[in-house]
Amino acid sequence: MGILFEHVSYTYDARSPLRQTALQDVNIRLAEGALTGIAGSSGSGKSTLLQLLNGILLPTEGTVKVLDLRLSAGEKPPKLAPLRRRVGLVFQFPEQQLFARTLEEDLSFGPLNFGASPEEAAHSARKALAAMGLCESLLLRHPLQLSGGQRRKAAIASVLAMDPDILVLDEPGATLDQVSRAELIQLLHRLCREEGKTVIIVTHRIDELLPYADRWVIMHEGRAAFQGTARELVDAAGKLPDYGLAVPEPIRWWRELEAAYGLQAEEPCLSPAALAERIAQLMQMDARKERAYA
Amino acid sequence: MKARKAGRQQERAAPEYQGAAPVSVDKETCAQHAEEAADMVAWDNVSFAYDGQHADIDGVSFTIRKGEWVTLAGANGCGKSTLSRLMNGLLRASSGCISIGGIRLEAGTLGAIRQKIGMVFQNPDNQFIGATVEEDMAFGLEGLCLDAEEIGERITRYAGRLGIGHLLRRHPQELSGGQKQRAALAAILAMEPELIILDEASSMLDEKARSEMLELLREMHGEARYTLLSITHDAEEIFASQRVLVMDRGRLVADVAPDMLFRNGELLRLCRMEPPFRLQLARELEQRGVTAAVGVTGAMVNPVVEEIRKWAFCSSM
Amino acid sequence: MKKSIFQLNTRTVVTIGIGAALYGATSFIGIPVGPDTSLRPAIALLAIFGALFGPVVGFIAGLIGHVLNDVLTSGTVWWGWALGSGITAAFMGLIYVSKGFDPQNGAYKGKHIGLFIFYGIVGIIFSLLFSGWFDIAFMGEPSDKLVVQVTAASISNIIVFLVLGVPAVIGFAKRNAKVSHLSVNE
Amino acid sequence: MREKLLIGRLIDTGSPVHGLDPRAKLTAMLLYAAMVVAARSWPALLGLTAFSFIVMASTRIPLRTYLKAAKPLRVLMLFILIVQCLAVKGGRVLAAAGSWHVDSAGLEAGAYAVVRMVLLVSFTALLTFTTSPGQLNQGVEGMLRPFTRIGISPERLALMTGIALRFIPAILDEAQTIMKAQASRGADMKELPWKEKARMLTALLVPVTVGAFRRAEDLTASMESRGYRLGAPRTQYRPLIWSYRDTGFVAVFVLMCLIVVWIGWI
Ligand SMILES: Nc1ncnc2c1ncn2[C@@H]1O[C@H](COP(=O)(O)OP(=O)(O)OP(=O)(O)O)[C@@H](O)[C@H]1O
Ligand SMILES: Nc1ncnc2c1ncn2[C@@H]1O[C@H](COP(=O)(O)OP(=O)(O)OP(=O)(O)O)[C@@H](O)[C@H]1O
Ligand SMILES: [Mg+2]
Ligand SMILES: [Mg+2]
């Protein structure tokens, strides 16, 4: 099943002279149970794409299929509550996500709406808070009395608390410190591997997500310019500058290594540890060869 | 401790700057700072608490010289944004003394100080004043009493440099995250303030926009007219600056050069940073016995080795 | 600390601007109950502005908000009704001037609530009569339509005021009695 | 919700009317409103209609866009028509049911009121179609200049309206995002029963209000940190310049005004 975009376009203010086309004829398939990274230069339509995933925006052309639901342009959408129960969306700006009077209220809003008892809701709120590494003393604060990073963590926690099947996050790492960012990615990776969740992450820091993502989508000017596995992304890296993106450092290293040693068939090593390990191996081989010649 | 308490009481009595309420401080230390006109920013033992009890900024002292580019780093929630808002009087210190460009921050001087500071806030959403990006940029420039021609010239120049030239007519709300952030930045930079404070102004920019921004900042810094204080979690930006102030739970714990920060595991842990990819790679290689000293044959490995030499990395980690 | 009602600083100006925007924006929302009349939750906002910031801020915010809403929806300003919005807020703001009432710091008494309701209802009726009279006198509107409209609007506005406005102000005051650091009162 | 705002937006066709000084357009609109009030006979009204069409055509904006502006008022217009038909008696009886009857005078009065309303609404939309909110605001500021004497500060008023104008879409958007946020966590306004809807409306209004006040806070911070001080001297990026074309435009309206009054006279 998964998620399928078929010829999807989205235009803001479609019926006005100020219309802005944000997506054009997008065809994407996002596999279920996989971790997908979405990248693209700013204004390329990533946030718009994500909002189509849980029916917050409805396509102005084409069809979006999520789980067993079809959202088609021009058709009356089906009831969306079940969809939202299963697709949790973290917005780009946490300020837009948090609206309740206290953080606790905010975190339990989702679970309560989806029929959890107050105790269950409080429990999942605390669990999500802990997962994001926030202190319980913040629970009684107004969401706007948090620091920028804490607010973002709170916004992510509010979605984690609902325990959705599909987690969709719009630049979750922006304004987080690096260790929090790494922890977040590991958390999402674990949710994906161990609990079979589908995770979709928009990011500008491709290198940080590279070792974890199964698939990548690169957006460019409202179109899906690339989609495929990390391996395919490495192969297509030469085109990234055309899409307004820099080639991520791990890919650059790997491609040089690949060229030097002819490793094109191999699964690329894109984390520092894995890459170093591979380099060390290769060099040992070199050393052995040299010794053999000597 | 006593001084802080007194300050807090005063805060309660007069929550606004408009009233003439002097901050209780040691006048001498302040005068001393004010004398050193080369200091753009001078903080002396400043404390602040949102709730009046738990210090969110705790006895912070530092100085930034004119023309310097300083980064403020630290974990989430350690007080960086609070520090920046204290700087231009949006929040009011409960004790201690802040002076900007030799002027002490107090009720009477607030206007003069704000003229000197340009600040980009962490959340770009609520800082747009104009109904279009262009109007928004013009707002600050009109306040500087520039003539229309100059305003137009600056708008085109800075918008062009930040790649938002085609968005000038848009309503700020109709921009994507990164576009908003660049628009907010452009509005401040166009004012060419003496002291520029950027609170995670690049957090939603893509790699390319980020390097364009850095390039612009480098240029501005090169002119030596500007003092920059940037708050960031981005290694690239930290490297571009000259000095890093590291904060931890409201205190200033270190004041080091960027490459020293990345060599100091202890500090990195405190501000929850990780070295950039190539340093991590170098470190991993080192752990596996691949160092500059080892003869490396493969053509490819040379760049890493060069990097290792560049950062002079050998056994410090 | 309560400020004089005529003190205008940047913050007041911005508050009025945003208040007007809020009123203008929420005026779009409404449950129609008659011709050009609907249960508009926006009325509750007038109560909030009045009570929190005083009659002057309330008046200007209500007036500008209404004018802008008119301009944005139809391009035509119904000045009578716009002034009416301002007058309503001004009446509701009379409570701000009364001694010992300071919702920003959570200070209020039972008698204040009674007074607030009184001011509010008088304000609503007075302003609608004014708007009706204005339309007949200056815009040449048919008077029978206006009788219906004024009555319907009075009733619906009073309902909104009592059901949403008064509790909102009380709630706000209560909350401020507890939390000292709301963004609004800094 | 945003779409409702559409009619209040600039439609840039680059026509000569777009280039006029907003003060000229504002003055013309005031004159026009006076004409509509003054036009108390059919010939005057028809003359005015013709005049309106000519001016509208000169903006190069399609006529139906103007008519759209009057659309939100159609219920009201229908209502006025019915009330007038039933209330005003005289002339021929057109239709009767029991003691109720609709007379020709009633229909005429109704039609008359409706036409006036359509004219007023669609024509004044011309102002917002051809002028950006910022310009409009500047225009109002300019028009209020003479009132400085009696203690009204046009700059402040302009600033207030400017902020309000800028933030109405923002607040609508905010309401929308909060609705989005609530919807994506399982509370969709559209899908709830009526009673729940009312509850949700408060759940929406409260954060929107609180959010707006916080915006006020942030905006003040942003303005002050850009060195804004009330009453401090400022220059204008796009100062208003009155040209002979503006004088001409206003003159045409004055002339038309006289014609309407004159028609009413005879
Ligand atoms: N509310 C809106 N109204 C009109 N246009 C919009 C709106 N939001 C976004 N756009 C435009 O649509 C395009 C795509 O925006 P989107 O927010 O999807 O970009 P993005 O890829 O998420 O960028 P970023 O990385 O900067 O967040 C942009 O050109 C933007 O200007
Ligand atoms: N309005 C407020 N009321 C009460 N406490 C606050 C408020 N704003 C921030 N805090 C607290 O003060 C501390 C410092 O916040 P600050 O925003 O300065 O952090 P920061 O260093 O900017 O973090 P980040 O990197 O997450 O933006 C945090 O612990 C936060 O919870
Ligand atoms: Mg985005
Ligand atoms: Mg911060």
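Predicted model, so just to flag it, every value in this text is computed and none were measured. Proteins get letters first, then strands, A, B, ... in listed order; numbering begins at 1 in each.
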- Around atom CZ of C:Phe126, are there more than 12 heavy atoms of other residues, nucleotides or ligands at under 6.0 Å? no
- Task: Provide the closest heavy-atom pair for D:Ala164 versus C:Ala20 in the form atom of the first, atom of the second, distance.
- Result: CB-CB, 3.8 Å
- Query: Closest approach of D:Ile171 and C:Ala25, non-hydrogen atoms and distance?
  - Reply: CG2-CB, 3.8 Å
- Message: Could you tell me if the side chain of C:Ile64 sits less than 4.5 Å from the side chain of D:Leu157, heavy atoms only?
- Response: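 The answer is yes; the side chains approach within 4.5 Å.
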- So which part of D:Val36 gets closer than 4.5 Å to some heavy atom of chain C, the side chain, the backbone, both or neither?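 It is neither, since no heavy atom gets under 4.5 Å.
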- Under the side chain to side chain donor-acceptor pair (under 3.5 Å) test, residues paired with D:Thr59 that sit two or more places apart: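 With sequence neighbours excluded, D:Thr59 shows a side chain to side chain donor-acceptor pair (under 3.5 Å) to D:Tyr66, given in chain and number order.
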- Contacts of D:Arg229 that satisfy salt bridge (Lys or Arg N to Asp or Glu O under 4.0 Å) - sequence neighbours left out: none
- Message: Working to the nearest 0.5 angstrom, can you tell me the gap between C:Ile18 CD1 and D:Met160 CE?
- Response: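 That separation rounds to 12.5 Å.
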